[in-house]
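Once you've had a glance at the structure underneath, I'll fire off some questions.
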Amino acid sequence: MKKSSFYLLATLACAVMFTLVETSWSVEEKTAPLVLPTERQIEWAEQELGVLIHFDMPTYVPNYNWRKFGSHPDPSVFNPTQLDTDQWIKAAKDMGARYAILVAKHCSGFSLWPTKAHEYSIKNSPWKNGKGDIVADFVASCNKMGIKPGLYASTSANGYCWVSNPGKVQPGAKITQQEYNKIVETQLTELWSQYGDLFEVWFDGGVLPVSEGGADVGKLLKKYQPDAIAFQGPETHPNLIRWVGNEKGFAPDPCWSTAAATTRADGTIQIAGMGGSPDGKIWCPGEADLPLRHNSSFQGGWFWHAGQDHRLFTVDDMMNKYLCSVGRNTNMLVGIVIDNRGLVPDADVKRLREFGDRIRRDFQTPLAVTHGKGNEIALSLPHEKAVHYIVIQEDIAQGERVRAFRVEWDLGQGWQTIFRGQSIGHKRIIPVNGQHPNKIRIIVEQSHNQAIIKKFAAY
């Protein structure tokens, strides 16, 4: 995970109202078929908020560098005496998360379940005398609390096995590439066959294709978890999602659900141009991952470190990131750290709850809401109420049709353009300045076939 800072300019770009000069777009009706999402991809988009839980050797050995091969800490240091996965999932649920992804194996190679692939796992730790299984506990807590479970199943980095991105065994290793591929196949088979249906699987750094010497991950995914969403998964998988190019929670604008290809990036370098394409042939919407702690914190904010509770993003910070992720047609995936006790730190629990309360306060009850088809949809408003957000959603089951649009409102002196955009997709949130319009309308300037607006609302 890379280090980065929170830029005020990017925050302001999401938080202010835009007034742009009108252009001469015309609605373009096409009859060519659109790329459509699968049912699982639609379900995934509707979740909107998830968490990504990190817990690995850096929690106990902060100076450990997994790329210094052969220096991996002994399993005996891993002993979370108060571990409580119910506490993790409750904290996620308080934020409003609807799915949770556990990093079952991060870059060290230490595995949070008793894998048969090698000895570097929870089975050789003092926790529960080597009889515990954190993955099983995590999935059980998710199921109990109504949260959809997922697993981070990276194949691209493994310090214990001397493997670095994009999943290749490095010189000096005691195993061959073929032997590592067998470890990958064994571990993914265990994770995908022993813990029930998974909502999402994560491949940080993508998947080394078979043609380049990698394991046949696509075959295993098809066999054991054919319905799972796959972040940066093999291109043959039907339920793909992609990275947005940074770990700050800022999706590009526009951010289309379709793209020419999925991604194979490890998050260590920010990548521009990740907004997809309205003419892309693959439905693979973006997922915006970000840590709850500042990106300049220990391990990029993804892992706990003593004395860094003050490095949490503020609620205002998180709200701006929400507007720039969920509000730009992506899901927001918030990184949660686990401390050396095996718990989400108290300060983080509080911040997650505060952030969730803000979302619920701002978006629980619309002032007015409508839907419709075509080039113009209007919404009448109670004049005494101030408008702070406008929310637009397409019916993505029918494809991402809108290619350009503008939003106007009437403050009693005629229509005024307040926003211009390109993509809408599952959800577009437009923050505005709290004035009291009589009416708001969306004008579709360009579309691929007739626009279908599932929801047009003011808050």
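The analysis underlying the following values was restricted to heavy atoms, covering all of them including side chains, and did not include hydrogens, waters or symmetry mates. Sequential numbering from 1 along the given sequence is applied to the chain's residues.
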K454, NZ: over 12 other non-hydrogen atoms inside 6.0 angstrom: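 Enclosed.
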Under 3.5 Å: donor-acceptor pair, side chain of S164, backbone of R67: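 Checked: no pair found.
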Ring centroid separation F303 to F298 under 6.0 Å: no
Exercise: identify the closest heavy-atom pair between S423 and P254: OG-CB, 3.5 Å
Lys/Arg N to Asp/Glu carboxylate O, D253 vs R428, below 4.0 Å: yes
D94 and K90 ion-paired at < 4.0 Å: yes
ring-ring contact (aromatic ring centres under 6.0 Å, His included) pairs, two or more places apart, involving residues 323-361: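 Qualifying pairs, neighbours excluded: none.
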Under 3.5 Å donor-acceptor, H305 side chain and S297 backbone: no
salt_bridge(R293, D309) N-O dist < 4.0 Å: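 Judged by the 4.0 Å cut-off on N to carboxylate O distance, R293 and D309 do form a salt bridge.
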Salt bridge flag under 4.0 Å for residues E287 and R242: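 The answer is no: the pair does not qualify as a salt bridge.
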Pair K455 + E394, salt bridge at N-O below 4.0 Å: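 No, this pair does not count.
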N-O pairing of D348 and R351 below 4.0 Å: no
Atom CG of D86: over 12 foreign heavy atoms under 6.0 Å: yes
NE2 (H371) with more than 12 external heavy atoms under 6.0 Å: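 Count not over threshold, so no.
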Proximity of F55 and F78 rings by center, below 6.0 Å: yes
Side-chain donor or acceptor of T258 paired with backbone N/O of S277 under 3.5 Å: yes
Other residues, nucleotides, ligands: >12 heavy atoms within 6.0 Å of E384 CD: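 Yes, the 6.0 Å shell around CD holds more than 12 heavy atoms from other groups.
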Any side-chain heavy-atom pair of L333 and L49 under 4.5 Å: no
Student check: side-chain heavy atoms of I89 and K144 closer than 4.5 Å: no
Cation over ring face, K105 and Y152, 6.0 Å, 45°: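 The answer is no, since K105 fails at least one limit relative to Y152.
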is_close_aromatic(F313, H294), centroid dist under 6.0 Å: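 Yes, the ring centres sit under 6.0 Å apart.
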Shortest non-hydrogen contact from T38 toward P238: CG2-O, 3.6 Å
Residues R358, E354: salt bridge by 4.0 Å N-O rule: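 Salt bridge: no.
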Cation-aromatic face contact R441/W409, 6.0 Å, 45 degrees: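 The answer is no, since R441 fails at least one limit relative to W409.
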Taking every non-hydrogen atom, the tightest pair across V369 and A457: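 Answer, listing the atom of V369 first, then A457: CG2-CB, 3.8 Å.
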Non-neighbouring partners of P209 that pass side chain to side chain contact (heavy atoms under 4.5 Å, CB included), sequence neighbours left out: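 Per chain and number, P209 pairs via side chain to side chain contact (heavy atoms under 4.5 Å, CB included) with S211, E212, R264.
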No-hydrogen, no-angle side-chain donor-acceptor test under 3.5 Å, W302 and E247: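 Yes, a side-chain donor-acceptor pair sits under 3.5 Å.
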K148 and E200 ion-paired at < 4.0 Å: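 Looking at K148 and E200, the cut-off is not met.
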Donor-acceptor side-chain pairing of N340 and Y60 below 3.5 angstrom: no
Listed partners of K427 passing salt bridge (charged side-chain N to carboxylate O under 4.0 Å, His left out), at least two apart: E48
